[in-house]
Amino acid sequence: MRIYNTLTGKKEEFVPVEAGKVRMYACGVTVYDHCHIGHARSAVVFDIMRRYMKYKGYDFKYVRNFTDIDDKIINRARQEGIKWDEVAKKYTDEYYSDMDSLGIGRADVEPKATEHIREIIDIVKGLVDKGYAYEADGSVYFEVEKFTDYGKLSKRDLEDMLAGARIEVDERKKNPMDFALWKASKEGEPSWESPWGKGRPGWHIECSAMSLKHLGETFDIHGGGADLIFPHHENEIAQSEAFTGKPFVRYWVHNGFITVDKEKMSKSLGNFFTIREILNKFDAEVIRFFLLSTHYRSPIEFSDEQLREAEASIDRYYTTVIRIGDFLSQDNTKNKSGSDEKMLEDLLGKFRDKFKDAMDDDFNTALAIGNIFELIRVLNKYLDGRPSGQKAVELSEKVRDSLKETGNVLNIFNRTPAEWYKALMLVKNIGYTEDDILSKINERKKARENKDWAAADAIRKELEEKGIILEDKKEGTGWKVRI
RNA sequence: GGCGGCGUACCCAAGUGGCUAAGGGAGAGGUCUGCAAAACCUUUAUGCAGCGGUUCAAAUCCGCUCGCCGCCUCCA
């Protein structure tokens, strides 16, 4: 499979450090505020990478950290008038609750910076000993000019960066680009004992320490949002490679941003939508589908309209599942082939390979989803020909199973249609319960038997106004939630 | 200013050298239906921001122009 590597700027054939095993580290969040849909994108993308690689048979280890000590957390604690570790706990809990609601799995290891202070100090000490870092006023800085490869990830050189100069002047630094490995703490700030006095870790060092501990000196994939390329990941490379003398990461992967009116969604612009507020209007599966319907490196424009389209697409899937179910439960004793049977057989025969080809090409989930809907269209056409018999049953079952299998890798399409409509009723605040709907359908059935079309249509209309659509089929009348 | 990315139909979006340019949504017409819905069919890019070049062949490679965005400060 091929993965786009930010380090080389190219798609490269994926070769893990150790055959059959993949070790991945993704930068999680700093727990100081609510999570927005951008955080969800990153979490979904890396979750899908894991799911797909496990599907391919790799032994996969996934580490995702929490930054639980940081200036923003300290500031937030002041604002909220609570202790810094209470802030961290509060937003860590919230993160879990959001991700659980979204149906995103946990990583295998979820380390926290404050649980790795010892490891962090060891690395900082090592970097000082090796001459890559220096102490000043109780803080320790990494000296970027000592690391000749500095800038190789973000593709910039020190001079260019200094020319752009929006960097605060700090007298203690030898070079303005030098960054803190260890920060001396002021009175009243959280701190840990260190060889340089009381202080706390800088932002970047925790990821070097935690990935080293849980994944080793060189591991396969390191990811995060594209905004982490510089300075965070650049600094991680500098620290880690200076410390171990070995290559840090084989493949750097970065997800694109979510935009609103074409602008990056961010806290400072105030144009962000939290996961919770979106979950009030849309089901979790809709959000996951929406995030996977565009390639992970491209920007995605966020809007209710986009989510509604995702919802309509998912509904098309579940509608097809219902149709397959209806077909399988009908009398299939006659032998009759459906429309374009050959086309369906051909497509089904190569469907799994097409899915893998798409995913093997830098996790092209958008293409994979396109393939899924292509199969759905061909199946629908086949069933339109009113097939019957053993072969038709087997073909339909195979389509159903293939769709389920690939959907499962993408963490979508993994419910029953009944569960889907139940979820939609909740999120769309349908005024009726399922029992209400069934009794209305029953009432209408009687009217239809009496050919009282006016009464039957009145019930249809009444339900439609509540957002329920009726479908008369030969098996009886079914209902759906209108998108 | 430095570096990077993007511009494909009405909207979203895949495709990065060679079959009729995937797929979803919206619209229009049709088949089916008591009426609907769903589904299917037809229709909406001889065309991929514009111009020029390389090539037997380009949306895809190269150059320029225009437009949009991102990073260079915390950020997924």
Side-chain angles (χ1 to χ4, degrees), chain A residues 6 9 11 26-30 32-33 35-46 70-72 75 151 154-157 159-168 177 203 223-232 254-259 262-269 272 289-290 293-295 297-301 303 305-306 308-316 319-320 322-323 339-340 354 358 361 364-377 379-385 448 451 453-454 456-457 460-461 464 469-473 477-480 482-483:
Chain A
T6 307
K11 280 186 201 169
C27 286
V29 291
T30 300
Y32 77 104
D33 205 347
C35 290
H36 60 63
I37 182 82
H39 299 105
R41 182 179 196 187
S42 195
V44 165
V45 161
F46 292 107
D70 166 271
D71 288 348
K72 293 193 293 294
N75 291 338
S154 53
K155 290 164 186 58
R156 54 190 85 198
D157 61 55
E159 276 182 41
D160 288 345
M161 284 187 272
L162 290 171
R166 271 192 292 165
I167 310 145
E168 86 280 17
M177 295 310 294
W203 174 34
D227 45 6
L228 297 181
I229 294 170
F230 190 88
H232 186 53
H254 294 97
N255 63 274
F257 302 124
I258 296 195
T259 58
K262 299 257 179 186
E263 273 185 316
K264 179 186 170 186
M265 184 182 287
S266 74
K267 294 270 168 66
S268 46
L269 285 168
F272 63 92
F289 184 96
F290 162 70
S293 60
T294 299
H295 186 88
R297 283 189 283 115
S298 305
I300 309 184
E301 173 73 9
S303 70
E305 177 58 27
Q306 298 286 342
R308 240 178 277 118
E309 287 188 8
E311 198 171 54
S313 295
I314 297 173
D315 195 63
R316 179 164 161 80
T319 301
T320 306
I322 292 174
R323 188 172 188 196
S339 316
D340 293 317
K354 284 180 81 169
D361 185 11
N364 194 337
T365 53
L367 180 57
I369 289 173
N371 292 337
I372 286 174
F373 282 101
E374 185 188 18
L375 181 59
I376 285 176
R377 195 193 73 241
L379 171 78
N380 271 316
K381 189 171 180 178
Y382 174 74
L383 292 177
D384 274 357
R448 291 181 76 214
K451 295 211 189 301
W453 305 128
D457 289 349
R460 179 198 289 291
K461 200 174 167 213
E464 199 178 339
I469 305 264
L470 298 184
E471 290 187 10
D472 293 327
K473 298 179 284 194
T477 299
W479 63 273
K480 310 201 315 181
R482 188 179 54 205
I483 299 301

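Proteins get letters first, then strands, A, B, ... in listed order; numbering begins at 1 in each. All values reported here derive from a predicted model rather than from experimental measurement.
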Notebook entry, point to check: With both distances under 3.5 angstrom, what nucleotide forms a Watson-Crick or G-U wobble pair with B:rC3?
Noted result: B:rG70
Check: If you check the A:S313 side chain, which of B:rG24, B:rC75, B:rC12 turns out closest?
Finding: B:rG24
Notebook entry, point to check: So, A:F373 and B:rG24: ring centres less than 5.5 Å apart, planes less than 30° off, yes or no?
Noted result: no
Next item on the list: Assign A:H254 to base, sugar-phosphate, or nothing according to its heavy-atom contacts below 4.0 angstrom with the strands shown.
Entry: nothing
Note to self: Whether A:N255 contacts B:rA76 is assessed here as follows: a side-chain N or O lying under 4.0 Å from the phosphate OP1 or OP2. Is that the case?
What the structure shows: no
Next item on the list: Would you check if the side chain of A:D315 reaches a backbone N or O of A:E311 as a donor-acceptor pair within less than 3.5 Å?
Entry: no
Check: Phosphate oxygens OP1/OP2 of B:rC75: is one of them under 4.0 Å from a side-chain N or O of A:W203?
Finding: yes
Next item on the list: Identify whether NZ of Lys or CZ of Arg in A:R156 sits under 6.0 Å from the centre of the six-membered ring of A:F230 and within 45° of that ring's axis.
Entry: yes
Notebook entry, point to check: How long is the line joining CD1 of A:I314 and P of B:rG24, in whole Å?
Noted result: 14 Å
Check: Nearest nucleotide by nearest heavy atom, which residue falls closer to the 5' end of RNA chain B, A:L470 or A:G224?
Finding: A:L470
Margin query: As a test of reading the structure: which of B:rA76, B:rG25, B:rG23 is closest to the side chain of A:R377, going by heavy atoms?
Written below: B:rG23
Next item on the list: Could you please name the partner base of B:rG52, counting Watson-Crick and G-U wobble pairs only when both distances are under 3.5 Å?
Entry: B:rC62
Margin query: Rounding to an integer number of Å, can you tell me how far A:K480 NZ sits from B:rA39 C1'?
Written below: 10 Å
Margin query: Quick check against the 3.5 Å criterion: does A:E301 have a side-chain atom that pairs as donor or acceptor with the backbone of A:K262?
Written below: yes
Notebook entry, point to check: B:rC35 base to A:D472 side chain: any donor-acceptor pair below 3.5 Å?
Noted result: yes
Check: Is the A:F272 ring parallel, tilted or perpendicular to the A:H36 ring (thresholds 30°, 60°)?
Finding: tilted
Next item on the list: Could you let me know what B:rA76 is paired to, Watson-Crick or G-U wobble, both distances under 3.5 Å, or none if it's on its own?
Entry: none
Checklist line | Whole-angstrom distance between B:rC51 and B:rC11, as gauged at atom C1' | finding: 28 Å
Next item on the list: Name the residue closer to the 5' end of RNA chain B, choosing between A:A368 and A:S293 according to the nucleotide with the nearest heavy atom.
Entry: A:S293
Note to self: For a quick check of understanding: with a heavy-atom distance under 4.0 Å over all strands, which category does A:I372 fall into, base, sugar-phosphate or nothing?
What the structure shows: nothing
Check: Which base, if any, makes a Watson-Crick or G-U wobble pair with B:rG17, both distances under 3.5 Å?
Finding: none
Notebook entry, point to check: Can you tell which of B:rC40, B:rG15, B:rA13 lies closest to the side chain of A:T294?
Noted result: B:rA13
Notebook entry, point to check: With distance as the sole criterion, do the side chain of A:K264 and the base of B:rC75 form a donor-acceptor contact below 3.5 Å?
Noted result: yes
Item checked: Given B:rA76, B:rC12, B:rA22, the nucleotide with the shortest approach to the side chain of A:L367 -> B:rA22
Check: What nucleic acid atoms does A:G256 come within less than 4.0 Å of, heavy atoms only: base, sugar-phosphate, or nothing?
Finding: base
Note to self: Between P on B:rC71 and CZ on A:R297, what's the gap in Å once rounded to a whole number?
What the structure shows: 18 Å
Item checked: Salt bridge present between A:R377 and A:D340 (N-O < 4.0 angstrom) -> no
Next item on the list: Counting heavy atoms from C-beta on, name the nucleotide in B:rA13, B:rC71, B:rC74 closest to the side chain of A:A366.
Entry: B:rA13
Notebook entry, point to check: Base, sugar-phosphate, or nothing: which does A:D157 touch, judged by heavy atoms less than 4.0 Å apart?
Noted result: nothing
Note to self: Looking at B:rG34, which nucleotide sits across from it as a Watson-Crick or G-U wobble partner, both distances under 3.5 angstrom, or is there none?
What the structure shows: none
Checklist line | From B:rG34, B:rA14, B:rA37, nucleotide with atom closest to A:A456 side chain | finding: B:rG34
Margin query: Using a strict threshold of under 4.0 Å (side-chain N to carboxylate O), is an ion pair present between A:K264 and A:D227?
Written below: yes
Check: Considering only side-chain heavy atoms of A:K155, which listed nucleotide, B:rG34, B:rA76, B:rC3, is closest?
Finding: B:rC3
Check: Are any of the side-chain nitrogens in A:D384 or A:R323 under 4.0 Å away from the carboxylate oxygens of its partner?
Finding: yes
Notebook entry, point to check: Do A:E374 side-chain and B:rG23 base share a donor-acceptor contact under 3.5 Å?
Noted result: no
Item checked: N/O (side chain, A:R156) to phosphate O (OP1/OP2, B:rG4) under 4.0 Å -> no
Note to self: Rounding to an integer number of Å, can you tell me how far A:F289 CZ sits from B:rC12 C1'?
What the structure shows: 11 Å
Checklist line | Length of the NE2-C1' vector between A:H295 and B:rG23, whole Å | finding: 16 Å
Next item on the list: Determine the interatomic distance between P on B:rA9 and the same-named atom on B:rA49; round to the nearest Å.
Entry: 8 Å
Next item on the list: Calculate the interatomic distance between A:H232 atom NE2 and B:rC71 atom P; express it in whole Å.
Entry: 16 Å
Next item on the list: Measure the distance from CD1 on A:I483 to P on B:rA38 and round it to the nearest whole Å.
Entry: 10 Å
Notebook entry, point to check: With a 4.0 Å cut-off on heavy atoms, is A:E471 in touch with a base, just the backbone sugar-phosphate, or nothing at all?
Noted result: base
Note to self: Once hydrogens and angles are ignored, does a donor-acceptor distance under 3.5 Å link the base of B:rG34 to the side chain of A:D457?
What the structure shows: yes
Note to self: Assess whether a salt bridge exists between A:E464 and A:K461, defined as any Lys/Arg side-chain N lying under 4.0 Å from an Asp/Glu carboxylate O.
What the structure shows: no
Note to self: Tell me the interatomic distance from A:D315, atom CG, to B:rG24, atom P, rounded to whole angstroms.
What the structure shows: 14 Å
Notebook entry, point to check: What is the nucleic acid contact for A:K262, judged by heavy atoms within less than 4.0 Å: base, sugar-phosphate only, or nothing?
Noted result: sugar-phosphate
Next item on the list: Report the C-alpha separation of A:T477 and A:D472 in whole Å, then their side-chain angles, then the decisive distance to 0.1 Å, and conclude whether the side chain to side chain donor-acceptor pair (under 3.5 Å) test is met.
Entry: CA-CA 4 Å; A:T477 299; A:D472 293 327; 2.8 Å; yes
Notebook entry, point to check: Which part of the nucleic acid, if any, lies within contact of A:R316, taking any heavy atom under 4.0 Å across all strands shown: a base, the sugar-phosphate backbone alone, or nothing?
Noted result: sugar-phosphate
Check: So what does A:R448 touch, heavy atoms closer than 4.0 Å: a base, only the sugar-phosphate, or nothing?
Finding: base
Note to self: With a 4.0 Å cutoff (strictly under), does any side-chain N or O of A:N380 reach OP1 or OP2 of B:rA38?
What the structure shows: no
Check: Can you find a donor-acceptor pair, distance only, under 3.5 Å between A:R41 side chain and B:rA76 base?
Finding: no
Notebook entry, point to check: Given that both distances must come in under 3.5 Å, which nucleotide forms a Watson-Crick or G-U wobble pair with B:rU43?
Noted result: B:rG27
Margin query: Work out how far the C1' atom of B:rA38 is from that of B:rC71, and round it to whole angstrom.
Written below: 48 Å
Check: Between B:rG70, B:rA22, B:rC35, which one does the side chain of A:E263 approach most closely?
Finding: B:rG70
